[in-house]
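These numbers were taken from a predicted model, which means no experiment stands behind them. Note on naming: letters A, B, ... go to the chains in the order of the sequence lines (proteins, then strands), and numbering restarts at 1 for each one.
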Number of protein chains: 2
Amino acid sequence: MGEIESVLEKYQIRPTAIRLLMYKFLRERNIAVTLNDIESGFEKSDRTTLYRTIKTFEKKGLVHQIDDGTGVAKYALDEKQVEDGLPQDLHLHFHCESCNETVCLTDHKIPHISLPQGYISRDMNLVIKGVCDKCSGK
Amino acid sequence: MGEIESVLEKYQIRPTAIRLLMYKFLRERNIAVTLNDIESGFEKSDRTTLYRTIKTFEKKGLVHQIDDGTGVAKYALDEKQVEDGLPQDLHLHFHCESCNETVCLTDHKIPHISLPQGYISRDMNLVIKGVCDKCSGK
DNA sequence: GAAATAAATGCAACTTAAGTGCAAACTTAT
DNA sequence: ATAAGTTTGCACTTAAGTTGCATTTATTTC
């Protein structure tokens with residue numbers, strides 16, 4: 001059994017052909033991808049299947065969904081987080097308005113924010129928009 | 001000329017009947033509303049008109065769009081910001097997963113975050129999800 | 001004030017992404 | 001090998017956002 005199979009099993013995801021391919025696909029890039037991106041990367045499979053596959057990954061905690069403000073859901077692998085045993089995804093995301101790519105800045109945690117009385121925080125989502133290193137040329 | 005008219009004129013928005021009504025509508029609540037919310041609040045007008053009206057408000061800087069992770073665009077009045085002359089909207093938003101309401105926490109600014117070399121920040125969006133004061137009962 | 005011009009509105013239709021139902025194909029356990 | 005459960009593919013539905021165009025309304029010019 002390959003390494004990829006064992007990752008999926010670790011997340012209790014049955015390693016079917018498409019799931020293995022999608023996991024590889026996600027590993028190959030370090031940016032968040034849309035369902036459309038995934039679809040373009042697969043010639044064989046059907047959109048619905050890919051949709052349900054990524055949702056399965058999400059439910060099992062292998063990927064997290066990112067809402068970067070473009071209006072389309074994006075997904076990215078989320079492995080480190082589970083290794084740490086953290087229940088939530090509190091790193092921040094950067095969306096480049098030039099190349100339209102979104103990356104996880106996993107080393108940049110969202111700082112603590114004190115809320116008004118009575119407000120209970122369960123999750124946070126911080127997206128910074130601007131120009132990424134590739135596009136700024138610096 | 002009433003106070004409401006003069007606010008619209010200040011933003012260079014011609015004060016038509018629908019625009020005045022929508023502005024009043026937005027003022028009446030202190031939460032962010034969807035286009036559907038607005039639609040439900042108006043019996044007379046057409047969805048497209050309301051859509052274009054809110055987009056006009058947005059273009060002129062009277063409202064800002066909020067992306068709270070629910071997948072639907074929400075809008076909220078944005079007056080203070082222009083008084084301060086700030087170009088961007090850097091306060092944070094709280095989305096209650098219980099009542100599904102989103103509020104602007106205008107007094108809570110997003111803390112400064114240092115990005116990796118080459119990344120240029122132009123805008124930020126921070127949404128905290130959890131339970132609001134009304135729903136937590138505290 | 002009437003005609004000409006420009007802006008706003010309402011209707012219909014289109015686009016895109018997300019999501020569901022169901023039957024066929026495939027796995028897994030017995 | 002069979003039965004049960006899971007996954008996959010196709011067709012269809014829903015929901016939000018958006019555009020084109022004709023009509024109405026407001027503004028400007030004469």
(Q) At under 4.0 Å between heavy atoms, how does the protein contact nucleotides 7-14 of chain C? Give one character per nucleotide, 5' to 3', with B, S or -. (A) SSSBBB--

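Taking the ring pair (Phe, Tyr, Trp, His ring centres under 6.0 Å) definition, one finds that F94(A) meets it with Y119(B), sequence neighbours left out. Scanning for side chain to side chain donor-acceptor pair (under 3.5 Å) contacts around S98(A) gives an empty result, with sequence neighbours left out. When the side chain to side chain donor-acceptor pair (under 3.5 Å) test is applied to T48(B), the partners found at least two apart in sequence or on another chain are D46(B). Listed by chain and number, the residues in a side chain to side chain donor-acceptor pair (under 3.5 Å) with K55(B) are E58(B), Q65(B), Y75(B) (sequence neighbours excluded). Among residues two or more places apart in sequence or in another chain, the side chain to side chain donor-acceptor pair (under 3.5 Å) test is passed with N36(A) by none.
Residue pairs meeting the ring pair (Phe, Tyr, Trp, His ring centres under 6.0 Å) criterion with at least one partner in residues 30-61 of chain B, sequence neighbours excluded, are F25(B)-F42(B).
Side-chain contacts under 4.5 Å among hydrophobic residues (ILVMFWY), followed directly or transitively, place V131(B) together with I120(A).
In 5' to 3' order, the nucleotides of DNA chain D bounding all contacts with chain B (an atom under 4.0 Å from a heavy atom) are dA16(D) to dT27(D).
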